[in-house]
Number of protein chains: 2
Amino acid sequence: MSVKIKDVAELAGVSVATVSRVLSNGSVSAALKTRVEEAVAQLGYRPNLSARRLRSQLSQTVGLIVSDVRNPFFTAVSRAVEDAAYRAGMRVILCNADEDPDKEAMYLRLMQEERVSGVIFSPTSVTAGRFRPERFEFPVVMIDREGPPGLTDAVVLDNPQAGRLLVEHLIARGYRKIGGLFGNVSTTGAARRAGYEAALAQHGLPSSVRFVAPSTEAASTAVRAWLAEPDWPDALVVSNGLLLLGAVHALTEAGLSIPGDMALAGFDNDVWTGLVGHGLTVIEQPVYDIGVVAMEMLLSRLENPSLAKRKVVLNGALLERASTSGRGAAAPS
Amino acid sequence: MSVKIKDVAELAGVSVATVSRVLSNGSVSAALKTRVEEAVAQLGYRPNLSARRLRSQLSQTVGLIVSDVRNPFFTAVSRAVEDAAYRAGMRVILCNADEDPDKEAMYLRLMQEERVSGVIFSPTSVTAGRFRPERFEFPVVMIDREGPPGLTDAVVLDNPQAGRLLVEHLIARGYRKIGGLFGNVSTTGAARRAGYEAALAQHGLPSSVRFVAPSTEAASTAVRAWLAEPDWPDALVVSNGLLLLGAVHALTEAGLSIPGDMALAGFDNDVWTGLVGHGLTVIEQPVYDIGVVAMEMLLSRLENPSLAKRKVVLNGALLERASTSGRGAAAPS
DNA sequence: ATGTTGTTTGGTAACGTTTACATTCGTTTA
DNA sequence: TAAACGAATGTAAACGTTACCAAACAACAT
């Protein structure tokens, strides 16, 4: 079929071992080296990575398991992981688990079959809760969401702090009845809620939260229901970009103005958040950095497996925009 | 290291061939089959895909080369390709070539090394123009953009028709000075422009086009420059979602209203297009279908390599929204 | 000269599968 | 009853690499 190392060896008049050494920068004389390289060029030889992987027991491949690449957060992370991986001479296998624990388990098995070097994983809370890293032969770095504390590396946003930041901002702008809409499937929603609650409690304000499935539709349904109730919040904190979009849909459908009828603040600086009205106030996550850092952590763990597990916590930036422009002067507390 | 077929064979008291046959549904008696399956379960055996690929000469892997997954069009296509691939028991290797012919060549080489079964590719016009399918050992399906006619399979939008559709729509709404903004790097921009020109010519109206690099920034710069000139168009047709966003940025920065000061129509029904003002008129592409069809074409080509090359042309749907609501009654032509 | 070292090179056994071929055994057919 | 067949199983040779080991050879110190 295609040209193999043996063909190159014959044309160059050397042994296959020598060709292999030329290809992997082993010690070989300059004369032979050029002869081999010419033969490679002439035949258009390309190494067979399956054979290489089998023999060397190095897959040079990492798995990336997210819920859905169509979520802009994961899109950006994926791109970052891929850039970093290719830079390190590695391949990425992308898996969309759709927030489904069964699919997550299935993909983890697949990663085992691929004998990947490692996995970068954003698990549902179900999987996160019962995750046993020792059952896998590869290291795992959690992203966005945490696994069991201390058992795997992780890179996450400072979610409680970010939740607090949004609430403090809303309070400073004069809002007092601040609702919260959170995803019910990941640890991220819970962590953001904790920050939200803490900030409200500190100011002696009541909280009012709803949990929904992680989809735009679920969020708009929930907000629609909320609006049908006698008294809704002045302002809403929404736990991620998908849900935020659902909230916007529900509000605009109902003919309500943002922030006139209800202020809105959320997570993820997706392109569209700048285009709603005069912009939505959001916490911008360092999406690309999250991917790059995750890949770096994985590589360093591969180099040094005995390292203590690390958790990298990154900070989000508050982008203040028109959706929280305030209701007159802030009332004195 | 990890458990291999030999271990399973020993535990079950059969030969490795029998184990292999159980795993690949070969003919083996029910008694042995269950004994093997028990051994597999007990040992937690997982096949080594590198070894399997090497021996069987089947990589069960396809390459997907796009410019950037962060472009929502390619995000959706990627997700579709991955779904279809996993359904067919195949893996996907995703490559971001950033509209760079050198990177494209590099990734095509990599695909060769991976011995992929096939590649789904959205090439720049440079690579498309000089692409020689016979130089690769795998079939290639072009998506979104066409390669040399008749040399590879392809699935594309009916771009000229879509361009025409937008122009006809604008004319019907009373616009007469209709400008066009197109990407300068793919065949897609050229094809959409052709439809745009044809429709204008048919109505005896003048055309006015600009070509820009495929980025939001390039588009907004171009539109800004355009606005600085003495007379700009009533309406703008914009060749894809990235550029459309740039146009929106330029117009809102300049404090112009859409469609009051300038109407806007474009391609790609990205989430944000519904949120600008009361919505942007766009051609919605069947993004998911494009990915699924591309994968299906690839699979059928793998089954039957001698099939004549096919080009599947899909239609876009015009979503009429407020950005082209018209300037009073249409003037009689 | 001779032994000692070090650096290139070649031969070949793995790596974990699949698969062509040989073997065995039970069943049918003349 | 023997010959002929077919199904189930085992044996061993690939697949294309890498890496271990030994051989060859040059350079150097004795």
Side-chain angles (χ1 to χ4, degrees), chain A residues 1-37 39-40 43-61 89 91 109-117 137, chain B residues 1-37 39-40 43-61 89 91 109-117 137:
Chain A
M1 184 65 169
S2 67
V3 29
K4 46 194 122 179
I5 221 172
K6 197 177 156 198
D7 305 321
V8 175
E10 277 166 15
L11 180 61
V14 299
S15 74
V16 292
T18 301
V19 176
S20 174
R21 275 187 284 257
V22 171
L23 264 38
S24 55
N25 302 316
S27 76
V28 36
S29 69
L32 283 197
K33 183 167 181 179
T34 56
R35 241 164 63 206
V36 168
E37 280 165 349
V40 165
L43 296 176
Y45 168 78
R46 291 279 121 202
N48 180 319
L49 294 182
S50 291
R52 180 175 284 179
R53 291 191 183 114
L54 173 60
R55 172 63 232 218
S56 68
Q57 303 286 71
L58 297 172
S59 71
Q60 300 286 69
T61 298
R91 234 61 61 230
R109 268 198 304 277
L110 178 62
M111 295 303 101
Q112 174 65 252
E113 300 190 357
E114 292 278 1
R115 301 296 192 271
V116 294
S117 307
E137 290 177 9
Chain B
M1 187 63 173
S2 64
V3 29
K4 47 193 121 179
I5 220 171
K6 198 176 156 198
D7 303 322
V8 176
E10 277 167 14
L11 179 61
V14 299
S15 74
V16 292
T18 302
V19 177
S20 174
R21 276 188 281 256
V22 170
L23 264 40
S24 54
N25 303 317
S27 74
V28 36
S29 70
L32 283 198
K33 183 166 181 181
T34 55
R35 244 163 64 204
V36 169
E37 280 165 350
V40 164
L43 295 176
Y45 166 79
R46 290 281 120 202
N48 180 318
L49 293 182
S50 292
R52 179 175 285 181
R53 291 189 182 119
L54 173 59
R55 171 59 230 219
S56 68
Q57 302 287 74
L58 296 172
S59 70
Q60 299 287 72
T61 299
R91 237 58 64 232
R109 268 199 303 276
L110 178 63
M111 294 305 99
Q112 174 65 252
E113 301 190 358
E114 294 277 1
R115 301 297 191 270
V116 294
S117 307
E137 291 176 10

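Chain A is the first sequence line, chain B the second, and so forth, proteins listed ahead of strands; every chain is numbered from 1. Note that the structure is predicted; figures quoted are calculated from it, not measured. What's counted below: heavy atoms across the whole structure, side chains too, no hydrogens, waters or symmetry copies.
- Here CZ of B:R91 is found 6.0 Å from CG of B:L49. Values are rounded to the nearest 0.5 Å.
- Spacing between atom CG of A:L49 and atom C1' of D:dT18 amounts to 14 Å, rounded to whole angstrom units.
- Under the side-chain contact (heavy atoms from CB on, under 4.5 Å) criterion, A:L43 pairs with A:V3, A:D7, A:V8, A:L11, not counting sequence neighbours.
- Considering only residues two or more places apart in sequence or on other chains, B:S117 meets the side chain to side chain donor-acceptor pair (under 3.5 Å) condition with B:S59.
- Summarising the geometry, atom OG1 belonging to B:T61 is positioned 9.5 Å from atom CE belonging to B:M111; distances are rounded to the nearest 0.5 Å.
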Check: When you check every protein heavy atom under 4.0 Å of nucleotides 4-14 of chain D, what one-letter string (B, S, -) results, 5' to 3'?
Finding: ----SBBB-BB

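- Listed by first and then second residue, the side-chain hydrogen bond (donor to acceptor under 3.5 Å, both in side chains) pairs involving residues 18-28 of chain B are B:S15-B:T18 (not counting sequence neighbours).
- Regarding A:E114, its CD atom lies at a distance of 21 Å from the P atom of C:dC15, rounded to whole Å.
- The distance from atom NZ of A:K6 to atom P of D:dG16 is 10 Å, rounded to the nearest whole Å.
- Rounded to whole Å, atom C1' of C:dC15 lies 9 Å from atom CG of B:L54.
- Between the OH atom of B:Y45 and the P atom of C:dG16 there is a distance of 10 Å, given to the nearest Å.
- Between its two ends, the helix from C:dA1-D:dT30 to C:dA30-D:dT1 turns its axis by 50°, counting five pairs per end and rounding to 10 degrees.
- Look at CD1 on A:I5: it is 14 Å from P on C:dG11, rounded to the nearest Å.
- A straight line from CZ of B:R115 to P of D:dG16 spans 8 Å, rounded to a whole angstrom.
- Between B:V16 and B:K4 there is no side-chain heavy-atom pair separated by less than 4.5 Å.
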Next item on the list: Give the C-alpha distance, both sets of side-chain angles, the deciding distance and a yes or no for side chain to side chain contact (heavy atoms under 4.5 Å, CB included) between B:S50 and A:R115.
Entry: CA-CA 8 Å; B:S50 292; A:R115 301 296 192 271; 5.9 Å; no

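- Applying the salt bridge (charged side-chain N to carboxylate O under 4.0 Å, His left out) test to residues at least two apart or on different chains, the pairs with a partner in residues 46-60 of chain B are A:E113-B:R46, A:E114-B:R53.
- Distance check: A:K6 NZ to A:Y45 OH gives 13.5 Å after rounding to the nearest 0.5 Å.
- Note on B:Q57: a side-chain N or O is less than 4.0 Å away from OP1 or OP2 of D:dG16.
- Look at CD on B:E113: it is 13 Å from C1' on D:dG16, rounded to the nearest Å.
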